[in-house]
Structures are given as C-alpha cells and as structure tokens.
2 protein chains.
Amino acid sequence: MPARRFTVLLAHELAWFRQCLIGRPFVGYQCATGQELAVTRPKHRPLTLRDVSEACGVSEMTVSRVLRNRGDVSAATREKVLAAAKALGYVPNQIAGSLASQRVNLVAVVIPSLSNMVFPEVLTGINRTLDDTPLQPVVGVTDYLPEKEEQVLYEMLSWRPSGVIIAGLEHSDATRAMLTNAGIPVVEIMDTDGTPVDSMVGISHRRAGRKMAEAILKQGFSRIGFLGTKMPLDHRARKRFEGFTEGLTKAGIEIEDREFYNGGSALAKGREMTQTMLERSPDLDFLYYSNDMIGAGGMLWLMDQGVDIPGEVGLAGFNGVELLEGLPRQLATMDACRAEIGEKAAQIILDRSAALDTEDSFEPEHITLAPKISYGQTLRRHGQG
Amino acid sequence: MPARRFTVLLAHELAWFRQCLIGRPFVGYQCATGQELAVTRPKHRPLTLRDVSEACGVSEMTVSRVLRNRGDVSAATREKVLAAAKALGYVPNQIAGSLASQRVNLVAVVIPSLSNMVFPEVLTGINRTLDDTPLQPVVGVTDYLPEKEEQVLYEMLSWRPSGVIIAGLEHSDATRAMLTNAGIPVVEIMDTDGTPVDSMVGISHRRAGRKMAEAILKQGFSRIGFLGTKMPLDHRARKRFEGFTEGLTKAGIEIEDREFYNGGSALAKGREMTQTMLERSPDLDFLYYSNDMIGAGGMLWLMDQGVDIPGEVGLAGFNGVELLEGLPRQLATMDACRAEIGEKAAQIILDRSAALDTEDSFEPEHITLAPKISYGQTLRRHGQG
DNA sequence: CTGAAAGCGCTAACAG
DNA sequence: CTGTTAGCGCTTTCAG
C-alpha cells in the first residue's frame, strides 16, 4: 500500500501518535483500517524535560533538580544530565515552570514613553539592579494615556509578575484597584507628591519647582517666563510648574508670561517658543523651561540672536540630560535622579520578593530623593554667586 | 476549645483546606484530632476561573469562552459571566492559558541598547504595528555583548514567544543555533549585509557608507576625515565605515585621518574629537561622523571656532535624528528608517503567526530599505548641487 | 540522594 | 449553545 503524506486522524489516535514522533523525522503508522501511512513530522516540537530524562536515563524530577540547582544531586548524575541537556539543546519551559511553582520571575515596569530619554534611563537603573538576580523586567508603555495604562497594567498582571514598578502617583480608579488587589509589591516612581498604593521612590517635583524659583530669585532675576509642555497628563511637569509659581508667589512675584507646546522635535520647539515669547514679552530676564531639550533649543536660539546669557536673559531647564554637556554653554538644570530611582525601585521589589520566601513582612518604603541644582552657565548672574 | 492562629497541617489536609479558604477572610477547620482552629487567610490568592464560574453558576468552560470571545455563547450567559468577572475583579492567568493553549502572545525583541535613541524608535515602530493585535513585545537588552545576547535570548525563548525580532546579523554560534531551532519566526533587523537565519528587515549599511562617499565626492570634497565609535561590536557602524572607504577607493581617494571614541556624552565627544582631528590634520575639507550626535557636537564646535560650513569644512552624520531639526544648521545625514524597520519586522511576525493557524506556509522575507541622503546645509557646496 | 504522584489554572476536543 | 474530560510541562510533596 503506497504511503500518503497527509491523513486525518481521530483525536485519540493523534494523541498516541505524537508519542511516536518524538525525535524522528517521520514515522510509519498503522491506522485503524490497516493502512500504512507516512506522515511528515510536525515542523517543531520544543524539547521537554521528558526528552532530557529519556536521553540520560534519569527521572524527570532529578533532571529538573539539576537544571534548577535545587536539592542534592550526586555529581555523576548532575554531569550526565547537564551533558544531555546541552547536547539536545534543551530550553526549559518557563510557562510550565511558573504555573507549577506559582512564582514568576518577572517585574512589570509601566512607563509613559520611550521617546523621552528619562524613561530609558530609569530602565537602565532597573536593569542594573536586576541583572544577576532571577528577576527580569518587562516593560509596558502607556503614551501618557490613563486608559492605555489600565490596559497595559491588566495585561502585565495577567502574567502574575513578582512586582510592579509604575511611573507616577496619578492613576484611574481601576488602575489603582488593580494595584491594590494584585497582592504583589508595587513601587510608584518618579514622583512623591501624593499618596502611593504601596511604596514609592522619586523626587518631589513641587519642591523641585520651588527650589528653582528660589535660586532664580536669589540671583536677582524677577521678570520670569515659563515654557513647558502642554500635556495635561504629565502630572510631574504640572507639579513642577505649580511649585515654581508657589516659590515665586512667596516672594511676591508672578510669572510674566507662559507658553506651552505639544509634540514635535523638542529642540526645535524650544527655539520657536523662545522666539514667540521674547517677541511678545521682550522685558523678560529669565526663562524657565520644563525640560532640558526645549531649554537647549531656547539657548541655541538666543545665542544665534547674540543675546547675552545670563546677562540679559537667564535660563534653566530640568532633568540633567547628558546632551547638555556638549552644548556651547552649560544650561542650568536640576537632576531628576533617574537611574537612582530605577535602582532603588528595583531593590525594593527584590527585597520584598526575597521576604516573601522567608515569610518576613515588610512595610511600604517611601523614598524621596533630593535633586540638586546644577547652575551651569546660565543661572548665576554674579560671579560665583 | 480555644481557636489558635497557627497550626501545622498534613499535606493532604492542606489541599482540602485551601478549598475552604476561597472567598473568606478566615475559616473554622475541624482537623483530624477534633481541634477547632481559626486560621488567617493567606494574604492573597488570585481569583481563578473557578471562582467566576461559581459566582455566576456557569461552567468554567463557558466562562472561559466568554472571556476570550470564542465560540457561541448566548447573550444572557455572556452578560452574567461578564458581570461576575467584573464584580470579582478577575484577571485571567496567562501563564495557565498559554500552557494549555500552547500559544504565547509574546514577541521577543532583542536590542543592544536603550541609550541610543535608535532603538527606542524601532520599538515605537514595533509597538505601533502590534497595538490592537493580541501580540505583545517583550524587550531584552544586550549592551552590545554577544554573551549577554546569548543569555537574554535564552531567557526569552524559555517563555516560548511567538516570534523573535533581534538586532543585527552577527551572532555567536549558540545564539544562531537557538534562533534556528526555536521553531518560531525570526526577524533580524537593522542590517541586511549578511545572511539571516530566517527573515530580515533593514538597510545595507555598507551601501549607505558608499552612497555617502559618492555624494561627498560629487560635491568636490576630497580630503576626508572619519570620526566614529570605537566599539568593535557595533557591526553596523563598522560596515558603514567599510562601505565608505570602499566608495572613496573607487574614486582613487583614501581617508586622510580617523578618530574613534568610546562612551561619554556623544555631543561632547563630537566636539573633542573634531578639535583633536582638525588640530592634527588642518587640511581636511570634510568630516564624516558615524552618528548624528557626534556630528552635531562637531558642528557646534566648528561654529564656535567660526569655521565656514560647508565652505571650509563639510559635514555629514548618520541616522536622521529628530534632534538635528533644532540645531543652528541642518546637518547632512542619512535616515536609517528606524520606525519603518520596526513596523515591517512586527508585520512579518504577525503575518507568520496568523499563517501558523491557517497552516499556510511562508517563505522568509528579506526586506532592504533604501535610506535617502538628506543634504541639510553641511554637504552641498555649490547652490542646489 | 532519587523517584512517583498529584496538581498549578487554563483550554482543546469532543459529546451532548 | 453548554458541559465533561484530559492534558499542557513543570514543580511540590512525600516516600523510598
């Protein structure tokens, strides 16, 4: 009887059939009607513990122990198992492992954007702490949209991660509920002006704005413009702005002019906005930018115009981005401690997930970092001020 | 008999015991010796399908169907189930779902770095395509280290993702073996100068270098310096360099001077290197930078020095970063098509994983995008050139 | 030190 | 349209 390449099998036949396929390119199969069939092997069936077990003649359980370095296994067995696993190219199935062990070595990291270098830097900090630990970060991006945050968090929680690191303290009710009920450590990062669900690590943006206002006033500037992002959902930028006006108000001063932008190349926008503002309010003697990129754009524009910085106009930004180092003049700024925030947040998750094993209990941690002003060459009016 | 807070249970008791805990803060338990115990409920047991099933009086299977929108379910039952799931705050367990269904909606994305904005942009492209599909990207970072690439890939494959998107064509033997044997679609991105394991999407960096050489020569420049990254493992930068020298060689010209850097702020390094090179080789009339950031730094330095660009010295970079738009002068560059690469790569994975369901077979796709030179204001010597 | 048994929470396949 | 059954590949638990 000639071999055919394809046939339909009943379900229970198929189950048995798959057993036959292990490790063979194809298999001859005598089906119920007595027909002899040649069937192509399924393209790829990933190896299982059982395959390794059969290859080295050791029970699945022992293989598992060797591969996880758990429990005592004789050196001889260990060698045998490792050799077999390597020879076969076995890659353990974490899905099955996590289901069985009820522990998942993933940490959900939820951030608003990747385009703003701030967040890749936080991730770098998280990576640094989590490298050389079993924990692994998984990133979700929300585009600053609360609905998307909800959705992203939901999807991440459905993987039952060991912890959540999430940017900001402002969330929808649903998001907050999920965080509260997830039963895993949650660290809210970047911002500490508010009440976290659990732990938090960040800086006070309100205080940052206030401190910058104080520094500016101390240098004798008084006719101040603010340039920032329009995004109503960037709560941290908003809080900096609020803290800033608050700081000025305490000294009886008000912002003279303000300008907001949305999208586009930040550097180019900084130029445009600065031009617009100075044409509208030529009397200004200081410009405070809500981030370094637009600040740098503004600075470049002013230099093009031959404006004396900080003699005629002083400048400051926010974030302490590396880029500033290469600019013709060092822009005053404030470091947002991004990498450190990432490291500390990851450390909290790490400590807590270790504590779960030892049944220790942990209190929520609230860490507020204090960013320092870097005066650069655009804020100090009088010598070493 | 007084209630105690803690006790030791035999294993089989515990199993039964857990049933009692469902939905209750604590439970009275009559153990084998007749003792009545009050036991605190475990901190948190995530809800299961069974909980929802019990809450709404519908079989687990039907609940599952409703939650996945699979198969026909009567509107009435659907409503009931959805209401119960929502009320309880049920979040499905993907770990279990993936194990049972043998399909994991994750796409592994392996890239060398997050600090270089190129990669976040590729990710944005991938996200854009994968949004509104069940597939979800998971990112791993290799720091340009082959060993780390191996390790990261191994960990990602252990989650049995639906596909892999990985930067570059150069990998260790082990990495290549894993990619070949994973049995899932693999797309190697960014570069097309070489042989992929499966599919690839990118640009030819060799050709990019060559084209830039041709453009420079056509503008009449002839004493050319190259400034680039020292990283021997950035194969794409290397290939651009090779293509560049090749292009010059064809015209009988050789690079006059070269300078390489490592780490630090790219903008600042661009300044330094440019200064170093021009002091060493003052005759140069063109500088080709291996990326836009160092190019921008060089440009800023030259402008500080009052050098006429491109009259005295022409400049070009590579990548087409958004930043350039805000610079005092538009740097010539070449777009690396980053977002498009991300989109196309994700699309390939998407098509293939759909094809797996319909049993269609797919050929590897090799997509080479053609980056265009943007002349800016630093490359054209003679009017519109 | 090693093995056998019993699930983890869900879904595919089939039977009503 | 809905329910039942039998695993997915691994680890936990307990018994040698």
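Throughout, a chain's letter reflects where its sequence line sits, starting with A, and its residues are numbered from 1. Hydrogens, waters and symmetry mates play no part in the numbers below; they use all other heavy atoms, side chains included.
- Judged by closest nucleotide on DNA chain D, B:Thr62 is the one of A:Arg65 and B:Thr62 placed further toward the 5' end.
- Considering only side-chain atoms of A:Ala96, the nucleotide from D:dC10, C:dG9, C:dA5 that sits closest is D:dC10.
- An OP1 or OP2 oxygen of D:dG9 is reached within less than 4.0 angstrom by no side-chain nitrogen or oxygen of A:Thr48.
- Counting any heavy atom pair closer than 4.0 Å across all strands shown, B:Thr77 reaches sugar-phosphate atoms only and no base atom.
- Residue contacts shown for B:Asn93 are limited to sugar-phosphate atoms, with no base heavy atom under 4.0 Å away.
- For the OP1/OP2 pair of C:dG7 and a distance below 4.0 Å, the side-chain nitrogens and oxygens of A:Gln102 include no atom meeting the criterion.
- Between A:Tyr90 and D:dG9 there is no side-chain polar atom (N or O) within less than 4.0 angstrom of OP1 or OP2.
- Here B:Arg68 reaches the OP1 or OP2 of C:dA12: one of its side-chain N or O atoms lies under 4.0 Å away.
- Closest to the side chain of A:Leu99, out of C:dC8, D:dT13, C:dC10, is C:dC8.
- Between B:Ser74 and D:dT2 there is a side-chain polar atom (N or O) within less than 4.0 angstrom of OP1 or OP2.
- Panel note: side chain A:Asp131, backbone A:Arg128; no donor-acceptor pair is recorded below 3.5 Å.
- Distance alone, capped at 3.5 Å, is enough to place a donor-acceptor pair between the B:Ser53 side chain and the B:Val58 backbone.
- Between A:Ser59 and the phosphate of C:dG3, there is a side-chain N or O to OP1/OP2 separation shorter than 4.0 Å.
- Proximity of a side-chain donor or acceptor of A:Ser162 to a complementary backbone N or O of A:Val104 within less than 3.5 Å is detected.
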